[in-house]
2 protein chains.
Amino acid sequence: MGMGRPRCFDITEAVDRAMEVFWAKGYDGASIAELTRAMGINSPSLYAAFGSKEGLFRAVLDRYSDQRVQFLEDALNEPTARGAASSLLATAARLYAEENDNRGCLLVQGGLTCGCTSIPEELAKRREKVEIALRDRFAKAIEEGDLNGHANPASLARYVISVLTGMGIQATGGASRAELDEIAEIAMQVFPESKEDQFSGAMIAKNSAAIPKP
Amino acid sequence: MGMGRPRCFDITEAVDRAMEVFWAKGYDGASIAELTRAMGINSPSLYAAFGSKEGLFRAVLDRYSDQRVQFLEDALNEPTARGAASSLLATAARLYAEENDNRGCLLVQGGLTCGCTSIPEELAKRREKVEIALRDRFAKAIEEGDLNGHANPASLARYVISVLTGMGIQATGGASRAELDEIAEIAMQVFPESKEDQFSGAMIAKNSAAIPKP
DNA sequence: CTACATTTGTATCGATCATTACAAATGTAG
DNA sequence: CTACATTTGTAATGATCGATACAAATGTAG
């Protein structure tokens with residue numbers, strides 16, 4: 001009993017080509033014809049390998065996560081909460097501007113809205129994962145005394161993620177690296193710069209710093 | 001010579017119904033069949049009134065702008081830059097959460113990505129209008145001494161718009177009114193609360209307030 | 001009432017959508 | 001070399017896409 005004819009194309013490379021199409025056109029806007037053309041294969045090969053258009057899209061999302069997870073981990077491993085947020089936003093600014101033709105974030109561009117509901121839901125779930133990871137990092141920072149105890153880790157994470165996704169949409173509109181960096185820099189001003197500042201008293205609260213002081 | 005058979009449906013009401021579909025499904029995801037069903041008309045009536053699917057979408061966008069422009073003007077007419085930004089973000093939080101089934105902003109949901117390029121471009125153009133209006137408001141605030149002269153109106157506007165659109169996407173994911181309010185509140189912490197604070201010296205710069213001080 | 005202009009509903013257009021039958025091609029295992 | 005398992009390219013599936021042809025319906029103007 002033989003093992004069958006071997007596959008003529010590289011799965012990972014095909015997924016990368018498909019990613020570009022989904023990224024630029026969105027799930028609904030990306031047709032099988034355009035996908036197969038970009039992947040350099042015929043539709044039966046696509047369906048044999050991925051089952052359906054949605055299956056291919058999920059493979060693309062997994063690949064995207066694999067590519068991004070290192071940046072997220074690096075950011076979360078920063079010694080301070082401020083460092084984590086700063087790293088996240090700075091990296092985003094760099095990737096959004098440099099990566100490819102102003103596509104922003106695939107987890108947004110891929111299908112914020114859609115004919116069916118499952119794709120937007122799937123994307124929201126994946127975006128939420130990042131938000132939760134960041135929230136947990138902030139919670140840990142509070143435990144460690146790195147963030148003020150009155151800070152709300154969940155709200156702070158939602159804020160940073162909001163800026164992050166907002167920057168992605170700015171990138172879609174053609175914002176430059178410098179412009180994205182400036183957004184990130186302004187956004188980071190809600191984080192006190194150091195521990196000393198954090199406990200320097202009433203003046204900070206008066207100036208409406210990001211984190212409520214005791 | 002007669003004036004022809006009068007139209008049996010109300011244009012504005014039909015546009016409102018179409019808006020709901022485009023808002024929830026996006027441009028690509030909204031089919032003519034679903035649009036006409038929601039509008040309560042047949043496709044020839046749609047094409048007679050709007051010319052094409054894209055024509056209908058543009059009518060929807062115009063209607064959306066008409067509905068929103070008052071909120072924007074109210075925000076820009078606030079006496080201070082801080083008040084303008086705060087009003088914008090607070091109103092957004094309210095609308096995003098209360099309005100309808102967590103749809104976020106039509107200028108994003110409607111077609112951030114698309115099979116064709118013209119829709120995303122059109123939406124980006126309309127979003128940029130808001131950004132420009134806000135930037136001009138900040139520039140005016142600087143002239144009036146309401147904002148520190150070293151502040152960059154364009155960057156500040158991009159920041160606020162980023163948070164705004166980010167909040168819209170959070171709303172899509174099901175964020176509550178309270179959660180959106182908290183995002184807005186944190187985002188506002190980059191704006192000094194009053195003129196006195198603005199010129200209270202080195203302490204503020206040390207605490208990384210939003211606006212650079214002289 | 002007649003002539004005209006426009007909308008209406010029905011029914012359909014070709015194009016494209018995602019998906020798949022099918023047979024030739026191509027590998028491995030015995 | 002033979003038998004088998006899988007992929008390949010070709011071609012086509014029914015469904016749905018956006019957009020219309022057409023004639024009946026319905027109004028106004030004279």
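By convention in this document, chain letters (A, B, ...) are assigned in the order of the sequence lines, proteins followed by strands, and residues within each chain are numbered from 1.
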Requested in this report: Mind listing the residues from residues 108-120 of chain A sitting with a heavy atom below 4.0 Å of DNA chain D? Number order is fine.
Outcome: none

**Report entry** Between OG1 on residue A:Thr12 and CE on residue A:Met19, distance to nearest 0.5 Å
**Finding:** 10.0 Å

Query raised in the report: Got a sec, which pairs hit side chain to side chain donor-acceptor pair (under 3.5 Å) with one end in residues 26-35 of chain A, sequence neighbours left out?
Result: A:Lys25-A:Glu34

Report summary line: Quick tally for nucleotides 8-16 of chain D: nucleotides whose base has a protein heavy atom under 4.0 Å get B, sugar-phosphate-only ones S, the rest -, giving SBBB-----

Report summary line: Regarding the side chain of B:Ile32, the nearest nucleotide among C:dT28, C:dA18, D:dA19 is D:dA19

Query - Sequence-distant partners of B:Asp136, salt bridge (charged side-chain N to carboxylate O under 4.0 Å, His left out), two or more places apart - result: none

Query raised in the report: Can you list every salt bridge (charged side-chain N to carboxylate O under 4.0 Å, His left out) pair that touches residues 35-49 of chain B, not counting sequence neighbours?
Result: none

**Report entry** Test salt bridge (charged side-chain N to carboxylate O under 4.0 Å, His left out) applied to A:Arg94 - qualifying residues, sequence neighbours left out
**Finding:** none

**Report entry** Partners passing side chain to side chain contact (heavy atoms under 4.5 Å, CB included) against A:Val130 (at least two apart in sequence or in another chain)
**Finding:** A:Leu72, A:Ile161

Query raised in the report: Where does DNA chain D form stems of at least three consecutive Watson-Crick or G-U wobble pairs, each pair having both distances below 3.5 Å?
Result: C:1-30 with D:1-30

Query raised in the report: Who passes ring pair (Phe, Tyr, Trp, His ring centres under 6.0 Å) against B:Tyr64, sequence neighbours left out?
Result: B:Trp23

Query raised in the report: Nearest-Å distance, CD (A:Glu34) to P (C:dA15)?
Result: 19 Å

Report task. Write down the distance between NZ (B:Lys53) and C1' (D:dA19), rounded to a whole number of angstrom. Result -> 12 Å

**Report entry** Residue pairs fulfilling salt bridge (charged side-chain N to carboxylate O under 4.0 Å, His left out) with at least one residue in residues 161-190 of chain A, sequence neighbours excluded
**Finding:** A:Glu98-A:Arg177, A:Arg177-A:Asp181, A:Glu179-B:Arg158

Report task. Check salt bridge (charged side-chain N to carboxylate O under 4.0 Å, His left out) between A:Asp10 and all other residues, then give those that pass, not counting sequence neighbours. Result -> none

Report task. Would you mind classifying the nucleic acid contact of A:Ala49 as base, sugar-phosphate or nothing, using non-hydrogen atoms under 4.0 angstrom? Result -> nothing

Requested in this report: Would you please confirm or rule out a distance under 4.0 Å between OP1 or OP2 of C:dT20 and any side-chain N or O of A:Tyr47?
Outcome: no

Query raised in the report: Rounding to a whole Å, what distance do you find between B:Leu46:CG and C:dT10:P?
Result: 16 Å

Report task. Only pairs at least two apart or in different chains count here, so list each salt bridge (charged side-chain N to carboxylate O under 4.0 Å, His left out) that has a residue in residues 68-78 of chain A. Result -> A:Arg68-A:Glu99

Report task. Could you check if a side-chain atom of B:Gln170 sits within less than 4.5 angstrom of a side-chain atom of A:Glu131, using non-hydrogen atoms only? Result -> yes

